[in-house]
Amino acid sequence: MRSDGEASAATSAAPVSRFAGTLMDILDRVEYSRVRMDVADNPIYRLRYEAYRREESVPFNDAGIVVDDLDTAPNGMSFGVYIDGELVSSIRLHHVSAKYPFGPSMKSCPDVLQPLLDKGETFIDPSRFTADYEASLAYPALPFLTLRIAVMGSIFFKADACLALVRPEHTAFYRRVFGSEEMSDVRVYPGLTFPVTLFGAYVNTKLPGTLRRYPFFMSTEEEREKLFARAMDEHFEAPQRASSRLAYERALLEQQFGTQIAAE
């Protein structure tokens, strides 16, 4: 079943821009994998450490990893992004709800989010986006490839909005790409040395435009099911190939023939 936002985008698919086409080509080589976060030597913990040490935002430690209490929260899940089988980036998501009100944005902005949770709204709260240094040079669009996971999670969990707790210099990106709007004043986050502001993009109103402009964010229901369907239990799926091209082609066919294309 499509979200309202995804269905709207599917009926108005636009020609692929040169930028989007380039991302589609890269995504043909991309796999995503949900990873276990209860393993101390998880390569994602090391990837985080290396990225944060480059910015000198965490102190040296002998273990060479970065972990926090939210890694094993019941509503949390973390993913690795692989190009040609090599880990290039990672991201963590929390599906924040009244039942599971755990996530980094709740640590900085509970006064903003708790009233919305009390009304029944739910959110995808991405955090811990880190990238391999060499990969970030080779693939400048790596943030798009990585944040695609947050878009898929927003659709799968039927979240009301996707949040972004970001530093000031990143706000323009979230406004431009996702249509995110400011939800808080400047805040602090425990352990960070820079200020952050909470932004959010409501899925049903903002997602259609995002998918039309950036169709590489599209995904099939099959891909989302494999990545998220077992996100809350002890089972983890094998790496899943990105399905952007297939989802876009299906959207074009739906636009042409006016009916939803069944899964192959």
Side-chain angles (χ1 to χ4, degrees), residues 1-35 77-91 93 95 124 126 135 138-159 162 177-179 201 203-204 206-231 235-264:
M1 179 65 68
R2 294 182 183 275
S3 70
D4 293 343
E6 187 188 27
S8 176
T11 59
S12 56
V16 175
S17 67
R18 179 179 300 179
F19 173 71
T22 299
L23 266 291
M24 289 277 203
D25 291 341
I26 297 174
L27 277 164
D28 288 339
R29 301 156 51 198
V30 169
E31 292 178 318
Y32 297 101
S33 179
R34 171 102 192 277
V35 297
M77 59 210 86
S78 292
F79 299 86
V81 181
Y82 304 80
I83 298 180
D84 299 332
E86 297 293 326
L87 177 65
V88 295
S89 65
S90 67
I91 195 169
L93 305 183
H95 180 213
I124 290 296
Y139 304 101
L142 194 53
F144 291 91
L145 306 180
T146 308
L147 288 168
R148 181 172 175 267
I149 298 174
V151 175
M152 287 193 288
S154 298
I155 295 170
F156 179 83
F157 289 106
K158 298 181 174 61
C162 187
V177 176
F178 300 107
V203 174
N204 284 340
K206 300 298 184 179
L207 182 63
T210 296
L211 295 182
R212 282 193 294 270
R213 291 191 302 274
Y214 308 106
F216 48 80
F217 282 135
M218 288 183 173
S219 58
T220 62
E221 184 176 354
E222 300 97 310
E223 182 184 7
R224 297 191 297 270
E225 284 284 334
K226 289 175 180 178
L227 286 173
F228 297 106
R230 296 182 176 181
H235 298 88
F236 294 83
E237 300 289 342
Q240 302 300 322
R241 288 199 172 275
S243 64
S244 298
R245 191 179 301 278
L246 177 58
Y248 177 71
E249 290 172 352
R250 287 181 182 175
L252 289 178
L253 289 173
E254 291 173 34
Q255 179 178 320
Q256 181 177 358
F257 297 105
T259 57
Q260 185 168 333
I261 306 302
E264 296 178 352

Indicate yes or no: at least one non-hydrogen side-chain atom of Pro126 is less than 4.5 angstrom from one of Cys162.
-> yes
So do the side chains of Ile149 and Val81 get within less than 4.5 Å of each other, counting heavy atoms only?
-> yes
Are any of the side-chain heavy atoms of Glu221 and Phe156 separated by less than 4.5 Å?
-> no
Do the non-hydrogen side-chain atoms of Val177 and Phe217 ever get within less than 4.5 Å of each other?
-> yes
Answer whether the closest heavy-atom distance between the side chains of Glu223 and Leu246 falls below 4.5 Å.
-> no
Using the side chain to side chain contact (heavy atoms under 4.5 Å, CB included) rule, pick out the option among Val88, Val30, Leu87 that qualifies with Tyr82.
-> Leu87
Check whether any side-chain heavy atom of Phe216 sits under 4.5 Å from a side-chain heavy atom of Phe19, and report yes or no.
-> yes
Shortest non-hydrogen contact between Gly179 and Lys206, atoms and distance = O-CE, 3.3 Å
Please confirm whether the backbone N or O of Ser219 pairs with a side-chain atom of Arg224, one donor and one acceptor, at under 3.5 Å?
-> yes
dist Gln240:CD -> Phe79:CZ (nearest 0.5 Å) comes out at 10.5 Å
Between Arg148 and Tyr32, is any pair of side-chain heavy atoms under 4.5 Å apart?
-> yes
Out of curiosity, Arg245 CZ to Thr220 OG1, how far, rounded to the nearest 0.5 Å?
-> 14.0 Å
Find out whether Val151 and Tyr214 are in side-chain contact, i.e. whether some heavy atom of one side chain is under 4.5 Å from a heavy atom of the other.
-> no
